[in-house]
Each structure stands twice: as C-alpha cells, then as structure tokens.
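Just follow the structure's listing: the first ligand is 1, and inside any ligand the first atom is 1.
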Amino acid sequence: MKLIILGPPGSGKGTVSELLVKHNKFFHIAAGDLLREEVKKGTKLGKEIQRHIDQGHLVPPSLPIQLIKPIIMDKKKYILDGFPRSLEQAKTIERWHINHAIYLKIDENAVIKRLAGRRTCEKGHSYHPIFHPPKKQGICDIDGTKLTRRKDDNPKIIKERFKIFYKQTMPVLQYYRKKGILKIINANDTPRKVYEKIITVIND
Ligand code: AP5
Ligand code: MG
C-alpha cells in the first residue's frame with residue numbers, strides 16, 4: 001500500500017507517520033528530512049536547498065523527486081510525507097500508483113502552538129513539551145540523539161510556509177480528489193486519534 005500524507009506545516013505529518021511505521025510497518029520518506037540531510041552535507045546543492053528552506057519556499061520541484069525515487073523504487077508499502085507539494089510533482093509521479101492521499105486538515109492557530117514548541121532530532125523525529133514530550137528531556141526516544149529547534153520554525157517563516165502551502169499544495173488536493181483517492185482527516189486531535197482515523201480510512 002502506498003500513501004501520501006499532505007498537510008500544512010505542523011499538521012502532524014511526521015508524527016503520525018512514525019505511528020504508521022511503528023504499528024503497521026510502513027516505510028516512511030519525508031521530503032523535508034531528505035532535503036535537510038543534503039543541507040548537512042554542506043555541498044553546493046545543500047546550500048542552494050537551505051536558501052529555499054530558510055525562506056519558507058519550496059525547493060525546485062525536480063529535486064525531491066531525484067532524492068526520493070531511488071529510495072522507494074523497490075518498496076511496496078510506503079508513506080510519502082510532504083511530497084508531492086505541487087501539481088508538477090503530482091503529475092510526475094502519476095505512475096507510482098498511490099492508493100490514498102491523506103490530507104491532515106488543521107487551522108493555522110493550532111499549528112502555531114505546535115511549531116512554537118517543536119523540537120526535532122537529527123533524523124527528523126518530532127517532539128513537543130506538552131503534546132508529545134520525549135521520555136528524557138532534550139533526547140530523541142527513538143535514536144537517542146539531541147533535540148534541537150528547526151530554523152524555519154519561527155513565526156515569520158511559518159506564515160510564509162502556510163502561504164506557499166495554500167498557493168502551491170492546495171491544487172494537489174483537487175488533483176487527488178478528482179482521482180477519487182483523497183481522504184480528509186481532522187488533524188485537530190491527539191496523534192493517536194489521528195492515527196486511528198487514518199487506519200479506518202485506509203482499511204475501508
Ligand atoms: P517539511 O519538513 O516537510 O516541513 P512542513 O511541511 O512545513 O511540515 P513540518 O515537518 O514542519 O510539520 P509536520 O506536519 O511534519 O508536523 P510534525 O509531525 O513535525 O518541509 C520543510 C521545507 O522543505 C519546505 O518548507 C520546503 O522548503 C522543502 N520541501 C519539503 N518538501 C518539498 C517538496 N515536496 N517540494 C519542494 N520543497 C519541499 O508535528 C509538529 C509539532 O506538533 C511537533 O512538535 C509534534 O510533536 C506536534 N504534534 C504533532 N501531531 C500532533 C497532534 N495530533 N496534536 C498535538 N501536537 C501534535
Ligand atoms: Mg515533518
């Protein structure tokens with residue numbers, strides 16, 4: 001089974017994907033995490049990617065595809081988190097035969113609270129002091145690495161990321177609606193409840 005998880009910044013794409021990995025053995029690919037890994041390498045490409053991420057803008061559309069394609073080629077059960085984010089990307093992966101495009105619906109005020117407290121580890125696992133605290137403060141439960149704040153989690157850039165989401169990613173929703181595979185989930189709920197709603201729609 002192949003899932004796409006779409007949603008505005010902080011809607012919980014990464015968090016719910018972790019639950020799907022843990023309980024349902026999905027393979028998880030987060031476009032943002034792959035791009036940040038490239039930034040860490042300090043290459044020319046990494047620097048170019050960082051410039052876009054720091055401004056809250058999308059990177060050139062072909063870049064995430066180049067990074068994702070070789071990883072998922074041999075996989076049959078995976079989640080694409082935060083990809084595709086533009087019509088151009090969605091059309092490029094038309095032949096990947098996605099089963100469900102899940103949209104995590106949430107309003108901007110709710111995510112501002114989430115992102116203001118978010119801390120992530122090097123691999124991208126997300127925590128929050130109130131909504132999802134780690135067992136040991138400042139340390140990732142999964143890989144034991146240090147938790148830090150993402151540079152693009154500041155109010156000005158969050159606003160910009162939202163703007164880009166509405167302008168460039170909303171048309172992707174319409175695209176999957178027309179294909180009959182769009183499932184809308186109210187993401188203003190606990191991670192566990194959001195996870196359970198997803199399980200219900202994909203087993204329907
Ligand atoms: P990306 O890393 O994907 O950022 P994003 O889409 O803005 O989403 P986030 O990762 O910030 O949020 P999330 O939905 O994963 O929420 P999370 O689970 O962490 O992309 C970053 C950048 O990379 C983009 O701006 C762009 O530049 C570039 N990029 C990425 N993909 C691209 C593409 N396809 N094309 C071009 N450019 C691309 O949760 C957030 C917080 O809330 C955490 O603290 C968490 O603990 C908490 N939380 C989660 N769920 C809940 C819940 N149910 N209740 C309460 N709290 C919750
Ligand atoms: Mg994420």
Return yes when G117 approaches ligand 1 closer than 4.0 angstrom through a heavy atom, no otherwise. no
Where at least one partner belongs to residues 127-151, residue pairs that pass ring pair (Phe, Tyr, Trp, His ring centres under 6.0 Å), sequence neighbours excluded: Y127-H132, H128-F131
When you measure from the centre of the six-membered ring of F165, is the NZ or CZ of K167 under 6.0 Å away and within 45° of the axis? no
Mind checking whether Y127 contacts ligand 1 via backbone (N, CA, C, O), side chain (CB onward), both or neither, at a 4.0 Å heavy-atom cut-off? backbone
Would you indicate which of R51, R36, R114 comes nearest to atom 48 (N) of ligand 1 when only heavy atoms are counted? R114
If you take the nearest heavy atom of each of D189, I5, V172, which one is closest to atom 53 (N) of ligand 1? D189
State the atoms of ligand 1, each with its element, that fall below the 4.0 Å cut-off from a heavy-atom position in Q89. 33 (C), 34 (N), 35 (N), 36 (C)
Note: heavy atom closest to atom 15 (O) of ligand 1, options P133, S11, G14, G32, belongs to G14
For P9, the ligand 1 atoms whose distance to one of its heavy atoms is below 4.0 Å: 5 (P), 7 (O), 8 (O)
Indicate yes or no: at least one non-hydrogen side-chain atom of S17 is less than 4.5 angstrom from one of I5. yes
Who's closest to atom 33 (C) of ligand 1 heavy-atom-wise, of R85, E160, H57, H132? R85
Taking the basic N atoms (NZ, or NE/NH1/NH2) and the acidic carboxylate oxygens, is any pair closer than 4.0 Å for K136 and D141? no
Looking at ligand 1, would R150 count as a contact under a 4.0 Å heavy-atom criterion? yes
Heavy-atom proximity to atom 18 (O) of ligand 1, picking from T169, T15, I106, points to T15
Geometry only, no angles: is L115 polar-contacting ligand 1 at N/O separations under 3.5 Å? no
Apart from M73 itself, what residues make up its hydrophobic cluster when side-chain heavy atoms of I, L, V, M, F, W and Y under 4.5 Å apart count as a link, directly or indirectly? none
Determine the sole option in T120, T15, D143 for which the side chain to side chain donor-acceptor pair (under 3.5 Å) test with H125 is passed. D143
Within less than 4.0 angstrom of ligand 1, does P191 place any heavy atom? yes
Check this for me: does any side-chain nitrogen of one of E122 and R36 sit under 4.0 Å from a carboxylate oxygen of the other? no
Under 6.0 Å from the ring centre and within 45 degrees of the ring axis: does the NZ or CZ of K77 meet both conditions for the six-membered ring of F26? yes
Could you check, using the six-membered ring where one of them is a Trp, whether H100 and Y176 have ring centers closer than 6.0 angstrom? no
At a 4.0 Å cut-off, with the gap strictly under it, does some heavy atom of P64 reach an atom of ligand 1? yes
Mark up the atoms of ligand 1 that fall under 4.0 Å of a heavy atom belonging to V59, in ascending order. 36 (C), 37 (N)
Between the candidates H128, Q55, K13, R118, which shows the shortest non-hydrogen contact distance to atom 11 (O) of ligand 1? R118
